Amino acid sequence: MTGVERGYEIIESLDVEPHIKFFRIRPTDIKLTLRSVFESLANKSWIMRLDQGYLSDAFSVRFERTINHISSNIIHEEDDSLTSDSAEYVISEIARSTIVEQLDYLDIPLGELIKEQKSGNPGFDFYSMNKSNIILFGEAKYVAAQNAYGRALEQISRFHTEKRDVADLCDIQNFCPKASCEEVCKGHKGFIAAFSSKSTPTERLISNIKNNVNYQRLSSHKELILVAVDICQ
């Protein structure tokens, strides 16, 4: 299924620097986008890829608890508009799926689905791994009527300082090679900042991002991906 079939389209894709990519995505049908995001979250085929039977059972328990909470409290079948809660799921899943499909990076389930709590888990929102086997840690932020890159970058920078990326290895170790997890502990990792955006022209948006102190700190890592999702009015 393409992004258009999911109710959104990629309108910009460029390299800011050789190791820093930028995507800009515009939802074209919010109701369709919400439905496709929920369907993606509810797809548990990834559980069947786990080798050990006990792992499949363990993740199934976490998955069912989380998806039931999301369907009851956050994304409903009849929804045709975003809330502050559903928006961050939309941004996370759009960013995650875009990176998997456009860059052919590793498909790792959204953090909410694989962590112990059914919602509000500490740590990063989503993950992937690039072609160099470097694990990428993603954070999504939504702010109504505002470009939210500052909040996403600030939280990533703070989580990095607090070593929450290292702590999250306990949750994603079953989806990534052991060597890649060990590289994270050595400081070899990347990040994904996904955020709500307004109609600010892309050139100006990227210029503003480059002036952000947390962007400057994070740009020294192995890879940084920026995903702007135009859902602000």
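Remember, predicted model here, so these are calculated numbers, not experimental data.
By the 4.5 Å heavy-atom criterion applied to side chains, Lys189 and Phe137 are counted as neighbours. Here the side chains of Leu103 and Ile225 are in contact, with some heavy-atom distance below 4.5 Å. Between Tyr215 and Leu226, some side-chain heavy-atom pair lies under the 4.5 Å cut-off. Contact of the Val229 side chain with the Tyr142 side chain is not registered, since no non-hydrogen atoms from C-beta on lie closer than 4.5 Å. Looking at heavy atoms from C-beta onward, Ile209 lies out of side-chain contact with Asn147 at the 4.5 angstrom threshold. In this structure, Ile25 and Val227 have side chains that are in contact, with non-hydrogen atoms separated by less than 4.5 Å. Under the 4.5 Å side-chain criterion, counting only non-hydrogen atoms from C-beta, Arg217 is not in contact with His160. Counting heavy atoms from C-beta on, the side chains of Leu14 and Ile206 come closer than 4.5 Å.
More than 12 heavy-atom neighbours from other residues, nucleotides or ligands sit within 6.0 angstrom of CZ on Arg164. Dense packing is recorded around CD of Glu17, with more than 12 heavy atoms of other residues, nucleotides or ligands lying under 6.0 Å away.
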Evaluate the criterion side chain to side chain donor-acceptor pair (under 3.5 Å) for residue pair Asn212 and Tyr149; output intermediate values, then yes/no.
-> CA-CA 9 Å; Asn212 182 279; Tyr149 64 83; 5.8 Å; no
Check step by step if side-chain contact (heavy atoms from CB on, under 4.5 Å) holds for Val16 and Lys210.
-> CA-CA 9 Å; Val16 178; Lys210 283 183 173 182; 3.4 Å; yes
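Summarising the geometry, atom CG belonging to Asp29 is positioned 9.0 Å from atom CG belonging to Leu34; distances are rounded to the nearest 0.5 Å. The OG atom of Ser219 sits 11.5 Å away from the CZ atom of Phe191 when rounded to the nearest 0.5 Å. One distance of note links CZ of Phe175 with CD1 of Ile135; it measures 12.0 Å at 0.5 Å rounding. The OG atom of Ser197 lies 9.0 Å from the CZ atom of Arg26; values are rounded to the nearest 0.5 Å.
Screening residues 177-187 for side-chain hydrogen bond (donor to acceptor under 3.5 Å, both in side chains) gives Glu183-Lys186, Glu183-His188 as the qualifying pairs, with residues at least two apart or on separate chains.
In summary, Lys21 and Glu223 engage in a salt bridge, as defined by a charged side-chain N under 4.0 Å from a carboxylate O. Remark: Arg158 engages Glu154 in a salt bridge, criterion side-chain N to carboxylate O under 4.0 Å.
Partners of Arg24 under the salt bridge (charged side-chain N to carboxylate O under 4.0 Å, His left out) rule, at least two apart in sequence or in another chain, are Asp230.
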